[in-house]
Amino acid sequence: MSLAAATKYFFEQAAQGLDLEPGVKQMLETPQRELLVQVPLVKEDGTLEVYSGFRVQHNDARGPFKGGFRFHPSVDLDEVRGLAALMTWKCAAVNIPYGGGKGGVAVDPFTLNKRELKQLTRTFVSKIFPIIGQKVDVPAPDVNTNAEVMGWFVDKANELARDDVRGIVTGKPIGIGGSLGRTEATGRGVALTTLRLLKWLGKDPTKMTVAVQGFGNNGSWTAYYLHQAGCRIVAVSDVSGGFGNEEGLDIPAMMEYCKTSDKHLLAGYPDADPISNAELLEGKVDILIPAALENQITKENAARIQAPIVIEAANAPTTPEGDAILNERGITLVPDILANAGGVTVSYFEWVQNLQSFYWDEDTVNTHLTNIMHKAFDDIWNLAKERDLTLRTAAYTIAIERVVEAMKMKGLFV
Ligand code: NAD
């Protein structure tokens, strides 16, 4: 099933219980606007490459469209559409005043040098500029786009706007309007969510074993904060392989190792045993955290997952078929739209700071993040208990109700 179809499937599972008018349902199932652009690049050897670029605006009933853009060869309209809808539901689930959008360019950024990548970014900005804006649609980093790329983005946007429009994109470097705490925010949010779940389940974090798939921005900070809370992280992986240690991995040492290792990967890290991706996902741990890629828990492996708790740090790591099997087996799953919402929440704080030209200290950022994540978790947890729903369906239910309410208030269907 495609990513857009999977997001629609989870939406429909919740929509069934909500008695939505068919027209309203149709408005929520389809994006408000889709833009496809040509992104030409003259490379330094003189050859011309023409890439496809996308920006999908799913829904802006609750505020500006919000969502990152990625540079990856697999980017296509279907993927961007699914991720844009996921952003609408994520922002509404944690109650921040944004809608959902997503973008990308179908390019392998590792085939370009830095100057070419900068030129590609600037051309992409000029192509999507007619439909974005500080109060309209606010992009951010995603796969293979980082703070440096956001710096290039804001410079081109300022030039086109002939104004300082730094709030047009989030995830910027601190010196040009980024927020303290943004880099760690997604992993911090995943850890906050995990610890909140353990609290309501009456489980002691210091007795928990954890496996984390992916050791990039999200996975490494997730592992770091759970390690700090006393959990035993027994397995992590990245694209270079899996690393296990029953005694518990030294996560700060692994993060330090990646700062200077080849391509910042874990390959060659000494104090761990090699394990396979399947061993990581299917190993005997208390908590499994997929934090790398889409479609990792599927109908093929869901029956073999041994962890009684799954926290979706990545976007869409579980397919609908995999999700159904986990549910049948009584596995508690915290969905992506709740678990990884810490990133967009601190992006929201960055935007607020940009619009006010008043910058917060890191404690203020983290205190607000903790409050928002705890409130969102508790609302979703309580609804799930009250109506006997999965946490995913409860999260979608709350999100859909908020978006429909906003559409109603704006008179979009009367
Ligand atoms: P990243 O590029 O920093 O890290 C991705 C990690 O996954 C890397 O360690 C990479 O080596 C690893 N990986 C890739 N293929 C793998 C494989 N086959 N097996 C094991 N590991 C593999 O990206 P990120 O920002 O950490 O994003 C990871 C996930 O989190 C994505 O689904 C992303 O959409 C989601 N997410 C990220 C943020 C954020 O703020 N960074 C926010 C919300 C959601």
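Counting begins at 1 with the first residue of the sequence. Indexing begins at 1, ligand by ligand and atom by atom, following the structure's order.
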Distance-only donor-acceptor check, side chains [X] and [Y], under 3.5 Å:
{"X": "T318", "Y": "E312", "result": "yes"}
{"X": "N277", "Y": "Q213", "result": "yes"}
{"X": "T123", "Y": "S126", "result": "no"}
{"X": "R70", "Y": "T145", "result": "no"}

Against heavy atoms of [X], which atoms of ligand 1 measure under 4.0 Å?
{"X": "A291", "result": "28 (C), 29 (C)"}
{"X": "S237", "result": "20 (C)"}
{"X": "F215", "result": "9 (O)"}
{"X": "A292", "result": "7 (O), 13 (N), 21 (N), 22 (C), 28 (C), 29 (C), 31 (C), 32 (O)"}

What I want to know is whether [X] and ligand 1 share at least one N or O pair that is separated by under 3.5 angstrom.
{"X": "N315", "value": "yes"}
{"X": "T186", "value": "yes"}
{"X": "N340", "value": "no"}

To the nearest 0.1 Å, how far is [atom] from its closest protein heavy atom, and which atom is that?
{"atom": "atom 5 (C) of ligand 1", "result": "G216 CA, 4.3 Å"}
{"atom": "atom 41 (N) of ligand 1", "result": "N217 OD1, 3.4 Å"}
{"atom": "atom 13 (N) of ligand 1", "result": "V239 N, 3.8 Å"}
{"atom": "atom 26 (O) of ligand 1", "result": "N218 N, 2.9 Å"}
{"atom": "atom 18 (N) of ligand 1", "result": "L293 CD1, 3.5 Å"}

Let me know which of I309, L198, T209 forms a side chain to side chain contact (heavy atoms under 4.5 Å, CB included) with D286.
T209

Can you confirm whether more than 12 heavy atoms, excluding those of K203, are under 6.0 Å from its NZ atom?
no

Would you call K25-E29 a salt bridge at under 4.0 Å N-O?
yes

Using 30° and 60° as the class limits, which term best fits the ring planes of H368 and W360: parallel, tilted or perpendicular?
tilted

Which class fits the ring pair F71 and F124: parallel under 30°, tilted 30 to 60°, perpendicular over 60°?
perpendicular

Non-hydrogen atom of H264 closer than 4.0 Å to ligand 1
no

Can you check whether a protein heavy atom sits less than 4.0 angstrom from atom 23 (O) of ligand 1?
no

For atom 7 (O) of ligand 1, is some protein heavy-atom partner under 4.0 Å away?
yes

Classify the contact between [X] and ligand 1 as side chain, backbone, both or neither, using a heavy-atom distance cut-off of under 4.0 Å.
{"X": "D238", "result": "both"}
{"X": "N144", "result": "neither"}
{"X": "K263", "result": "neither"}

Is S261 reaching over with its side chain to a backbone N or O of L265, donor-acceptor style, under 3.5 angstrom?
yes

What do you reckon, are the aromatic ring centroids of Y348 and Y98 less than 6.0 Å apart?
yes

